Each structure stands twice: as C-alpha cells, then as structure tokens.
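In what follows, every heavy atom counts, from backbone to side chain, and hydrogens, waters and symmetry copies are set aside. Predicted model, so just to flag it, every value in this text is computed and none were measured. Chain letters run A, B, ... following the sequence lines, proteins first and then strands; every chain starts at 1.
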Number of protein chains: 2
Amino acid sequence: MATAELKKQRGRPSNFDHDEALEKALHVFWKRGYEGASMTELTKVLGINRPSIYAAFGNKEELFRKALEKYLKGPVAYAAEAMQQPTARLSMEMFLTKSAAALSSPGTPRGCLMVQGALSCGPGAKLIQQELASQRRYHEEIIRKRLEQAKTLAELPQDLNSAALAKYISAVQQGMSVQATSGASEAELLSIAELALRNWPEKRPSS
Amino acid sequence: MATAELKKQRGRPSNFDHDEALEKALHVFWKRGYEGASMTELTKVLGINRPSIYAAFGNKEELFRKALEKYLKGPVAYAAEAMQQPTARLSMEMFLTKSAAALSSPGTPRGCLMVQGALSCGPGAKLIQQELASQRRYHEEIIRKRLEQAKTLAELPQDLNSAALAKYISAVQQGMSVQATSGASEAELLSIAELALRNWPEKRPSS
DNA sequence: GCATTTTATTACCTTACGGTATAATAATCA
DNA sequence: TGATTATTATACCGTAAGGTAATAAAATGC
C-alpha cells in the first residue's frame with residue numbers, strides 16, 4: 001500500500017483535490033448544518049462546478065456523509081484516543097479538555113457537527129438527523145465502556161452506574177458544544193469541563 | 001382589564017383562535033426548527049390558509065418570534081420561578097429537575113426550542129439564530145444573578161466564580177436538551193441533573 | 001336594503017432549491 | 001492522427017420555498 005499506484009488515468013484529469021474539496025465541504029456543513037448548507041454555497045466554496053460535485057460525491061446526502069466521516073476521523077479522533085489514558089479519570093479529563101479546544105478552535109467552525117448538523121430539521125433531513133444521533137450514541141458508548149473497564153480494574157466503585165455517568169459526561173460535552181456555537185471561549189469551556197469533573201466518584205472499598 | 005371588551009367587530013369573524021394557532025405553530029417550530037418548518041406544513045397544522053396566517057402574524061420570522069415568546073412565558077417559565085427558591089442550591093436543583101421533565105414531556109416536542117430552533121443555519125435564519133443565542137444568554141444570566149445573591153447572603157463562598165458556575169449549569173441543561181432530542185427519558189435526564197449537582201461548592205468561612 | 005369592513009379562498013408570483021442533460025475540453029491508448 | 005475516456009462548463013429541469021394580488025364570503029353600521 002506504500003507504493004502509490006501511478007497508472008495513468010484515461011480521461012481528462014480532475015481540476016481539484018478530492019480530499020481538499022471534502023475538507024471544504026465539511027467546513028460548510030459544520031457551520032451551516034445539513035439543511036442550512038445549500039449546494040450553491042458548496043459549489044462556490046469548493047470552487048467546483050455542480051455536476052463535478054455530483055460526479056465525485058454522489059448527491060448532497062452522500063457528500064455530507066463523506067464529510068462526516070472525515071470529521072470523525074480528523075477533528076474528533078481525540079475522543080477515542082482519550083479513552084486510552086491510564087485511568088478513567090484521566091480519560092475523561094482529556095476528553096473534555098480536548099473538546100474545549102476543538103469546539104473553539106480558530107481554524108474551524110465553532111461547535112460540534114454531530115450536535116448542530118441536524119439537531120432538528122425538516123422531513124428531508126431525517127436520515128442525517130438519525131445518523132448524527134447514532135454517532136452521538138456511539139461516543140457515549142465508548143465513554144461507558146471506558147468506565148466499565150475502570151470498574152473491573154477497581155479504579156471505580158463496583159456500584160457505579162457507568163451508563164448514567166457516561167450520559168452525564170456526554171451531556172456536558174454537548175452542552176459545551178452549544179456554548180461554543182454561541183461564542184464561548186476555550187477558557188470558558190475549560191472551566192465548564194473542570195466543574196464537571198469536580199464530583200468524580202471516589203473509590204470505595206468493594207464489599 | 002377584567003371586563004372583556006365586547007364591542008362587536010366590524011368585518012367577517014375569524015375562523016380560528018389566535019392563541020391556539022400560535023400554540024400549534026410553536027409545536028411545529030419546536031419539532032422542526034426555524035428552517036425545517038415550512039409555511040406549507042404550518043398552514044396544514046394550524047388549519048389556516050396562508051394569507052390568513054400572514055394577515056394575523058406578519059411573516060415566518062414574526063410568527064416564530066411570537067411562538068418563541070409564548071414558549072418563554074409557558075413551557076420555560078419554570079426557569080425564572082426556580083430562581084426564587086430559598087437557597088441557591090434548591091434553585092439549581094429545581095431548575096435542572098424541571099428541565100428534565102420539560103425536555104421529555106409527552107405532550108410537547110422533545111428538547112428545547114432555544115437550543116434546537118436554529119443552532120446552525122443558512123444566511124436567512126441568522127437573526128433568529130442570534131435571538132435564540134441571546135435568550136440562552138439571558139437564562140444563563142438569571143442563574144448567575146441567583147448565585148451572586150447567594151454569595152452576598154453567605155450561602156456560597158465569596159471567591160466562587162458565579163459566572164463560571166452559571167455557565168456550567170447552563171451547559172448541563174443544554175446538553176440535556178440535546179440528549180432529550182435524541183430520545184433520552186426523563187429518568188435519564190434526571191440522573192444527569194443529579195450528577196451535575198454532586199459537586200456543589202461547600203461554603204468555606206470567608207477570610 | 002346597501003355600503004363598509006374584515007376575513008377566507010383561490011390562484012399566482014419570484015426566487016431558490018437539489019439535481020441533470022448536453023456539449024466542450026483535455027488527457028491516454030492505438 | 002484518430003478513437004476513447006473522463007472531467008469540465010453551460011444551461012436547464014421540476015419542485016418547493018416564502019410571500020401576495022384579487023376576489024368571494026360573512027359579519028356590522030346605517
């Protein structure tokens with residue numbers, strides 16, 4: 001896989017970089033939401049004509065899904081990485097701290113695509129809405145699993161409700177997303193994160 | 001003001017109740033968001049013809065603003081009421097507890113209009129987006145003031161950062177809104193609220 | 001009764017939406 | 001050079017968006 005396939009392509013060469021275009025599309029969807037992003041704006045930002053976009057990415061929905069994929073693998077990759085910290089406590093700290101930075105990063109739109117991409121919408125965006133909800137659930141789930149793991153390792157008390165705690169952490173992060181959308185600074189988001197973790201459950205001796 | 005003005009009106013009488021119609025419009029906006037709610041759907045749900053809606057409420061934006069007003073005075077009135085509890089702690093508890101109930105109430109759309117009404121949007125909804133952000137800030141502000149009040153009454157420590165704590169409480173409630181939108185039950189929302197308040201700042205003797 | 005006022009109804013306007021047919025262009029293959 | 005292939009560019013499609021003109025209908029005032 002390291003040796004690039006250099007077989008010359010047959011037809012007229014593409015004028016744009018596929019990945020760059022997807023990155024730009026991601027930024028538009030991120031800022032506007034799925035419904036709020038029009039194909040006209042997308043063509044202007046990507047600098048690609050409409051038929052070329054459709055040829056390269058399918059339709060608006062597929063373009064969004066591919067942009068979302070890029071989003072999950074890029075700006076949101078820290079979430080899964082955070083779960084690999086040596087303790088659950090550190091994992092949660094890193095998750096919320098990196099969230100604060102990502103949600104207010106100067107080079108990207110504010111907030112979280114999974115939250116503001118299609119929180120409520122018309123009938124035509126229902127599938128996207130479901131996809132985003134599913135992704136939010138997935139991230140809540142990896143948090144829950146990290147907490148469960150900490151329970152088996154006796155880092156956290158056995159009677160801890162890890163599902164509830166994971167929901168709480170997720171909710172805080174999603175609330176931070178809303179705050180970021182309306183302009184909260186990284187420092188403000190960080191102080192939310194800090195307050196959210198003050199009540200970390202102490203380990204009590206099991207039985 | 002108690003004696004109803006019964007002066008007969010001159011023209012053809014209205015076929016619909018103004019306030020009922022506004023309530024229905026509120027539910028559509030609440031479920032769909034500002035952009036996701038089409039005038040066509042609104043006419044169908046309200047059971048009123050298009051020109052009658054425009055005559056009664058102005059245009060789509062004004063209709064939304066009036067529906068939002070009704071929302072703030074109705075389903076969200078608990079927020080301001082909660083701030084009148086005898087202690088700040090009780091105020092915050094009541095705020096989040098009532099939020100859990102309101103955000104998952106069976107008779108209304110799930111989630112919060114202030115959050116999902118226009119979190120991200122196209123250029124045409126920018127003013128509504130700003131209005132909703134402003135309302136969220138307002139609610140954060142009444143929380144902050146309640147905390148400040150508790151500081152002057154020595155219920156809370158003098159060095160407490162009430163702005164940060166208010167932001168945290170707001171973020172939790174907004175996160176609960178997101179969770180509610182994707183189907184969280186009242187019990188699940190309540191457990192988020194409970195976890196959020198575990199870390200309530202203890203009073204330390206001042207100076 | 002008749003004029004007046006207000007609403008309801010029908011039909012329509014302009015604009016923007018997502019999506020495409022068609023043809024021109026630029027490369028490789030033979 | 002010519003045939004082939006894939007991507008550009010222009011122009012357009014049908015539909016739905018928000019909003020309105022024009023007219024019919026139902027009440028009051030005289």
Side-chain angles (χ1 to χ4, degrees), chain A residues 5-22 24-25 28-29 32-67 117-118 120-129, chain B residues 5-22 24-25 28-29 32-67 117-118 120-129:
Chain A
E5 285 273 348
L6 279 194
K7 179 156 72 175
K8 307 244 181 148
Q9 203 159 342
R10 197 71 184 293
R12 175 174 177 173
S14 221
N15 254 354
F16 63 94
D17 182 78
H18 190 96
D19 215 57
E20 262 180 41
L22 207 48
K24 289 176 186 168
V28 174
F29 283 126
R32 297 292 194 190
Y34 177 70
E35 282 183 325
S38 73
M39 288 306 296
T40 303
E41 180 175 10
L42 282 163
T43 58
K44 281 176 188 162
V45 172
L46 305 208
I48 308 173
N49 284 315
R50 244 170 145 95
S52 295
I53 294 187
Y54 279 86
F57 302 102
N59 58 13
K60 188 184 179 183
E61 183 177 333
E62 287 183 49
L63 176 58
F64 181 89
R65 297 192 117 101
K66 281 160 186 160
S120 62
C121 59
K126 196 174 182 183
L127 291 178
I128 296 298
Q129 183 185 38
Chain B
E5 285 272 347
L6 278 195
K7 179 154 73 175
K8 306 251 181 137
Q9 204 159 339
R10 196 72 184 291
R12 175 173 176 172
S14 221
N15 255 353
F16 63 94
D17 183 78
H18 191 97
D19 214 57
E20 263 180 40
L22 206 49
K24 289 175 186 168
V28 174
F29 283 126
R32 298 291 194 192
Y34 177 70
E35 282 182 326
S38 74
M39 288 305 297
T40 303
E41 179 174 11
L42 283 163
T43 59
K44 280 176 187 163
V45 172
L46 306 207
I48 308 174
N49 284 314
R50 242 165 142 101
S52 294
I53 294 187
Y54 279 86
F57 301 102
N59 59 11
K60 187 184 180 183
E61 183 177 335
E62 288 184 48
L63 175 58
F64 181 89
R65 297 192 118 100
K66 280 160 186 161
S120 62
C121 60
K126 196 175 182 183
L127 291 178
I128 295 299
Q129 184 185 36

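Between dT8(D) and S14(A), a contact under 4.0 Å exists linking OP1 or OP2 to a side-chain N or O. A sub-4.0 Å separation between OP1 or OP2 of dT8(D) and a side-chain N or O of N15(A) is absent.
Residue L46(A) comes nearest to A21(A) through the heavy atom pair CD2-O, 3.5 Å, listed as atom of the first residue, atom of the second, then distance. Across I128(A) and E61(A), no two heavy atoms sit closer than the pair CD1-CG, 3.7 Å.
E35(B) contributes no side-chain N or O that, together with a main-chain N or O of A118(B), makes up a donor-acceptor pair within less than 3.5 Å. Judged by distance alone, with hydrogens and angles left aside, the side-chain atoms of N49(B) form no donor-acceptor pair with the main-chain N or O of P51(B) at under 3.5 Å. One N or O on the side chain of K60(B) and one on the backbone of A37(B) form a donor-acceptor pair closer than 3.5 Å.
As rounded to whole Å, 13 Å separates atom P of dT20(D) from atom CD1 of I53(B). Per the geometry, CZ belonging to F16(A) stands 10 Å off P belonging to dA9(D), to the nearest Å. Rounding to whole angstrom units, CD of residue E41(B) and C1' of dG18(D) are separated by 15 Å. The distance from atom CD1 of I48(B) to atom P of dT7(C) is 12 Å, rounded to the nearest whole Å. dA26(D) atom C1' lies 15 Å from atom CG of N49(B), rounded to whole Å. In this structure, F57(A) atom CZ and dT7(D) atom C1' are separated by 13 Å, rounded to whole Å. Whole-Å rounding puts the R12(A) CZ to dA9(D) P distance at 6 Å.
Taking only side-chain atoms of S52(B), from C-beta outward, the nucleotide of dT7(D), dT9(C), dT28(C) with the closest atom is dT9(C). Comparing dT10(D), dT4(D), dA26(C) against the side chain of R10(A) picks out dT4(D) as the nearest.
Classified by interplanar angle (parallel below 30°, tilted 30° to 60°, perpendicular above 60°), the ring pair F29(B)/Y34(B) is parallel.
With rounding to the nearest 0.5 Å, the separation of CG in L63(B) from CG in L22(B) is 6.5 Å.
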- Message: For a quick check, with a 4.0 angstrom heavy-atom cut-off, what is the B/S/- contact string for nucleotides 15-22 of chain C, read 5' to 3'?
- Response: --SBBBB-
